[in-house]
Amino acid sequence: MPGVDVLARYERGWIRDDVLAGVVLTALLIPAGIGYAQVSGLPPVTGLYATIVPLAVYALAGPSRILVLGPDSSLAPIIGASVLPLAAGDPDRAVALAGLLAILMGGFLLIGSVFRLGFVTDLLSKPIRIGYLNGVALVVIVGQLPALFGFSVSADTLFGDARGFVEGLGDGLADPRAAAIGVGSVSLILGLRLARSKIPGVLVAVVGAMLLVGVFGWRDELPVVGSLPSGLPAPALGGLSWGDVGSLLGPAFGIALIAFADTGVLSRVFAARHGEHVDGSDEMRGLGLANAATGALGGFPVSASTSRTPVAEQAGAHTQLAGATGALLLVGFVVLTPDLTSFLPTSALAGVVIVAAGTLIDVPEVARLLRVEPIDGLLSIAAFLGVILIGVLEGIVIAIALSVVAFTNNAWRPYRAELGRIPMVRGYHDLSRHPEGRRVDGIAIVRFDAPLFFANAGIFGHYVRTIAASEPRPTHLILAAEPITSIDSTAIDELIAVDDYLTQAGIDLVIAELKDPVRDRLVRHGLAGRFGPERFAPTVGAAVDTIRGHERTDIGNPSDRN
């Protein structure tokens with residue numbers, strides 16, 4: 001439990017800053033928790049339970065000192081898409097399913113931490129994660145527009161929500177007072193953010209909206225959140241079956257992947273700011289325990305917050321005591337003042353959610369990718385379209401599949417080059433980039449910048465044959481194999497075919513700088529006789545010297561090999 005270690009080294013001077021940061025943080029935790037519960041299609045109080053429990057558990061089990069866990073805008077629509085169809089309109093069953101989803105998600109993360117699988121977030125590359133989050137943000141924003149104007153629509157898709165919103169405006173369903181509060185809340189939050197105000201805009205907007213409703217007596221005239229049930233987080237897993245477990249395993253894995261991707265990145269960033277290091281698998285364990293606990297006590301899946309964590313840091317938080325203080329204050333709010341939210345208009349809450357979702361949007365980065373890395377940019381757009389056209393839940397699968405496609409594409413057609421030497425320059429260099437370079441007499445040197453596997457084995461073979469057939473015809477071909485970090489059985493078969501082709505053409509193949517694990521693989525395939533020690537060289541320069549029978553002398557010390 002990292003929190004126990006921190007407590008043992010706790011400095012007395014930190015207490016004031018941590019407690020104050022917890023107080024400031026609470027002002028954001030309440031509207032964020034309630035708002036993301038609403039987006040998930042769950043009762044508002046579950047959003048507070050999903051804030052209290054993770055903060056308390058992570059304070060003990062989390063490796064990061066100031067990371068704030070809780071409901072998140074990127075997860076909320078996925079949670080809703082996962083549990084609402086199974087709940088069939090039963091709110092109690094929806095809560096139970098959301099809890100089960102969090103437990104399964106926590107289980108995946110805990111298993112991953114045991115096997116030190118912190119690297120799995122690489123399955124979601126940055127460009128695809130950007131596109132996915134852009135799509136999620138658009139889904140959330142469009143879904144909250146009716147609530148922003150004081151009415152609701154019944155739709156299951158982005159375009160259904162958009163159509164319902166436009167039709168609702170045309171039918172006069174919008175309430176001018178609710179719309180004024182909602183739009184005003186958005187404007188106020190954004191205005192204070194642009195002004196770099198130290199007072200959280202969310203706090204000002206929410207308190208201001210509640211005061212308006214209370215002063216003008218609009219509680220019974222406008223849609224409001226309503227009173228919360230008084231009580232502490234408690235188990236709410238009744239009515240579940242093994243069939244529900246099977247239905248939620250896929251969504252739980254996808255949510256775990258996304259939540260840890262965001263949490264891991266955020267954790268590393270804030271740890272680096274304070275000169276610390278956080279192990280990814282330890283972070284996975286802390287996040288897993290927090291989710292398993294909140295699922296068992298009436299909450300739903302959570303991750304690190306990109307909006308509340310900076311607030312805690314800016315407020316002076318030193319340790320997780322800030323988060324624990326926020327959890328304690330939330331308990332007081334739920335137990336002592338549950339009726340306070342009956343003055344909170346849903347339009348203000350929609351404004352809070354819309355602004356938070358807007359922070360997920362990163363159009364400039366997509367434009368930059370299209371300019372400098374067109375394939376990454378197109379993959380980002382594809383992930384975005386997958387979310388808005390097919391669905392948020394299906395978008396997880398699409399995002400992962402696109403990441404695999406991106407990896408395969410990069411490895412399938414890697415950079416390859418023929419190397420030669422440049423007068424008075426040490427080493428062997430890419431001839432396509434150095435027109436002044438030339439091939440070593442009678443020797444072609446080929447470099448293939450990727451592991452060899454089934455998808456690129458044919459390209460490798462074609463390239464080697466092309467170089468071997470080019471003029472002037474070489475008598476030897478050196479494979480500069482340092483970038484080849486692995487080789488599968490299909491690529492080994494291609495290597496044998498290339499060797500046979502070169503032999504028939506009177507060309508000797510020499511492999512330079514091959515890593516020992518790859519060479520061991522050739523031996524396991526029974527190729528020790530074909531590729532004996534004489535066919536390997538420690539460096540390209542050593543291979544050239546051996547073939548020519550003398551060392552290169554046009555530069556440097558003749559005893560220095562290239």
Side-chain angles (χ1 to χ4, degrees), residues 23 25-56 70-71 76 79-80 83-84 87 89-99 144 146-152 175 177-178 180-182 184-185 202-238 294 297-300 302 326-353 356:
V23 173
L25 190 61
T26 305
L28 300 181
L29 297 177
I30 294 173
I34 294 174
Y36 297 140
Q38 178 182 351
V39 175
S40 303
L42 300 170
V45 72
T46 60
L48 299 183
Y49 293 165
T51 304
I52 294 170
V53 176
L55 285 176
I79 296 168
V83 305
L84 295 183
D90 184 345
D92 292 335
R93 178 164 166 75
V95 173
L97 289 167
Q144 291 297 306
L148 189 74
F149 284 80
F151 65 97
S152 61
D175 187 302
R177 295 167 298 181
I181 291 174
S185 297
V202 172
L203 175 62
V204 176
V206 168
V207 172
M210 293 173 69
L211 288 175
L212 284 174
V213 171
V215 170
F216 291 101
W218 292 342
R219 184 167 60 170
D220 298 325
E221 300 175 20
L222 297 178
V224 294
V225 171
S227 299
L228 300 176
S230 179
L232 298 174
L237 298 171
T294 192
L297 295 173
F300 51 81
V302 301
L328 186 62
L329 291 175
L330 282 181
V331 169
F333 174 78
V334 173
V335 173
L336 302 177
T337 59
D339 291 333
L340 197 59
T341 53
S342 64
F343 294 94
L344 177 57
T346 56
S347 60
L349 203 55
V352 171
V353 173

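What's counted below: heavy atoms across the whole structure, side chains too, no hydrogens, waters or symmetry copies. Position 1 is the first residue of the sequence; numbering continues from there.
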Residue pair [X] / [Y], side-chain heavy-atom distance below 4.5 Å:
X	Y	answer
V334	L232	no
D175	E221	no
F300	P71	yes
R177	L222	yes
P235	L297	yes

Considering all heavy atoms, the nearest [X]-[Y] contact:
X	Y	answer
G298	V95	O-CG1, 4.3 Å
A209	I181	CB-CG2, 3.8 Å
P31	L349	O-CD1, 3.4 Å
D339	S227	OD1-OG, 3.0 Å
A50	G299	CB-CA, 4.0 Å
L97	V83	CD1-O, 3.6 Å

In Å and rounded to the nearest 0.5 Å, what is the [atom1] to [atom2] distance from [X] to [Y]?
X	Y	atom1	atom2	value
F333	L228	CZ	CG	5.5 Å
L48	L330	CG	CG	6.0 Å
T294	L55	OG1	CG	9.5 Å
L203	L25	CG	CG	11.5 Å
L148	T346	CG	OG1	9.5 Å
Y36	I79	OH	CD1	11.5 Å

Query raised in the report: Does the pair Q144 and V39 meet the rule for a side-chain contact (heavy atoms from CB on, under 4.5 Å), with working shown?
Result: CA-CA 8 Å; Q144 291 297 306; V39 175; 3.5 Å; yes
Requested in this report: Using atom types as modelled and distance alone, determine if a side-chain donor or acceptor of T46 lies under 3.5 Å from a backbone N or O of L42.
Outcome: no
**Report entry** Residue among L344, T341, V225 satisfying side-chain contact (heavy atoms from CB on, under 4.5 Å) with P44
**Finding:** V225
Query raised in the report: Restricting to pairs with a member in residues 202-233, which pass ring pair (Phe, Tyr, Trp, His ring centres under 6.0 Å), not counting sequence neighbours?
Result: F216-W218
